[in-house]
2 protein chains.
Amino acid sequence: MDRDEARDILFNFIKEKSLRYTRQREEILQTFLSAGRHITVEELYNVLRKKNTGIGYATVHRNLKLMKECGLADEMKIGSDKTRFEQAYGQRHHDHLICMKCGRIIEVNDDRIERLQDKLAEVNNFFPLKHKLEIYGSCKKCR
Amino acid sequence: MDRDEARDILFNFIKEKSLRYTRQREEILQTFLSAGRHITVEELYNVLRKKNTGIGYATVHRNLKLMKECGLADEMKIGSDKTRFEQAYGQRHHDHLICMKCGRIIEVNDDRIERLQDKLAEVNNFFPLKHKLEIYGSCKKCR
DNA sequence: TTATTATTGATAATAATAATCAATATTAGT
DNA sequence: ACTAATATTGATTATTATTATCAATAATAA
């Protein structure tokens, strides 16, 4: 994801809603973009704490929700873990392979599966808006 | 699912582990089997309360976990809702279409998708053990 | 019937997420 | 640059789902 483009998206979203572009929002956005994918609020908070930004947990939480609102982040939940946020802008839809041993998350995509899902919905008189496919197992290393 | 067969499974599981077959377990099992699919602990607890069985919330919770352990129930989580339990014995694997308006959950199955999922895992050097496919949208009524 | 011990039910603990609110910072208007 | 208006922050508390605790009770085997 392009950093400037991401900042623009956040900035425009904020202007549109008469919100305010704060030091904390800039910091959280940049750190979120630099951080690994599928990060939790707590993890992001800890990275920011190490940087001595003085940003509180609640602010991190609130602003990840904001990033989601403006389309920069997606929320996901694996099993009974905490909610994770992944970068969304400029990312095409993808599914997840989740290693139950080491926790690694592999992003994958299969057009045929996507198409069959749409068909499956159609056959059931159902209008699909989004979907979630997660395959749990063990990755190459943990086999 | 056959009621007697279900009771047998629970009974044998209990014997095997030197646990005890209590009035509460029998009551919870029967009510779980009669109740709608995809029920929460709270919902099941409320049904049992109406029946004046005097069974506590913790007991319902504990025993749904037990049903899961012995293969009679499966746990699922939709969005950020509470955990739901569905009958598992004698049910083949299936995916879910979830109406975001009325909350209805439709169970579906597609062998081609299943096979493609296995292929997808294989290509990524991943050993699949189980998977979860949820399609969110709106059902016929809510369209 | 009795001894053993698993279970129950009420309650407290835990943990993730969201709400509260006074102090502060940002923004628009002058 | 100054000011007024108000969105945001950070610390804390509230909420909610789930799990743990524990004394009293009930199920089981001998």
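Chain naming here is simple, since letters A, B, ... match the order of the sequence lines and numbering starts at 1 in each.
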At 4.0 Å (heavy atoms only), tell me whether B:Arg25 reaches a base, stays on the sugar-phosphate, or touches nothing. sugar-phosphate
Please determine if a side-chain N or O atom of B:Thr22 lies less than 4.0 Å away from the OP1 or OP2 oxygen of C:dT8. yes
Give the rounded distance in Å between these two atoms: NZ of A:Lys15 and C1' of C:dT27. 7 Å
Once you round it to whole Å, what is the distance between C1' of D:dA27 and CG of B:Leu10? 15 Å
For the side chain of A:Arg20 and the base of D:dT6, is some donor closer than 3.5 Å to an acceptor across the two? yes
Could you check whether B:Lys17 gets within reach of a base, just the sugar-phosphate, or nothing at all, counting any heavy atom under 4.0 Å? nothing
Indicate whether OP1 or OP2 belonging to C:dA18 is found under 4.0 Å from a side-chain N or O atom of A:His61. yes
Go through DNA chain D and write down every stem, that is, every run of at least three consecutive Watson-Crick or G-U wobble pairs with distances under 3.5 Å, as range with range. C:1-30 with D:1-30
What are the two closest non-hydrogen atoms of B:Thr40 and B:Lys82, and how far apart are they? CG2-CB, 4.2 Å
d(B:Tyr45 OH, B:Thr59 OG1) to nearest 0.5 Å is 9.5 Å
Candidate nucleotides C:dA6, C:dT27, D:dG10, ranked by approach to the side chain of A:Tyr21 - the nearest: C:dT27
So does B:Lys17 have more than 12 non-hydrogen atoms from other groups sitting under 6.0 Å from NZ? no
Over how many whole Å does the gap from B:Lys68 atom NZ to D:dT18 atom C1' extend? 13 Å
Side-chain N or O of B:Lys65 less than 4.0 angstrom from OP1 or OP2 on D:dT18? no
Under 3.5 Å, which donor-acceptor pairs do the side chains of residues 133-143 of chain B form with other protein atoms, sequence neighbours left out?
residue: B:Glu134; atom: OE1; partner: B:Tyr136; partner atom: OH; Å: 2.6
residue: B:Arg143; atom: NH2; partner: A:Asn125; partner atom: O; Å: 3.3

First encountered from the 5' end of DNA chain C, between B:Ser18 and B:Ala58: B:Ser18
Flag the pair B:Phe11 / B:Tyr21 as yes when their ring centroid distance falls below 6.0 Å, and as no otherwise. yes
Starting at the 5' end of DNA chain D, which residue's closest nucleotide do you reach first, B:Arg84 or A:Gly54? A:Gly54
Please confirm whether the shortest side-chain N or O distance from B:Arg23 to OP1 or OP2 of D:dA26 is below 4.0 Å. no
Rounded at 0.5 Å granularity, tell me how far CG in B:Asn46 sits from OH in B:Tyr57. 9.0 Å
Can you see if the side chain of A:Asn63 gets near the phosphate of D:dT8 - specifically, an N or O under 4.0 Å from OP1 or OP2? no
Look at the side-chain N and O atoms of A:Thr83 and state whether any lies under 4.0 Å from the OP1 or OP2 oxygen of C:dT17. yes
What's the spacing between A:Met76 CE and A:His96 NE2 if we round to 0.5 Å? 4.0 Å
Whole-Å distance between D:dT18 P and A:Lys82 NZ? 17 Å
Protein-nucleotide distance (B:Glu27, atom CD; D:dA26, atom P), rounded to Å: 16 Å
In whole Å, I'd like the distance from the CD atom of B:Glu42 to the P atom of D:dT18. 9 Å
Can you tell me the distance, in whole Å, between the CE atom of A:Met67 and the P atom of D:dT8? 12 Å
Distance, rounded to the nearest Å, where A:Met76 contributes CE and C:dT17 contributes P: 13 Å
Test applied, salt bridge (charged side-chain N to carboxylate O under 4.0 Å, His left out); reference residue, A:Glu75; option that passes from A:Lys65, A:Arg84, A:Lys132: A:Lys65
Phosphate OP1/OP2 of D:dA26 contacted by B:Gln24 side-chain N/O (<4.0 Å): no
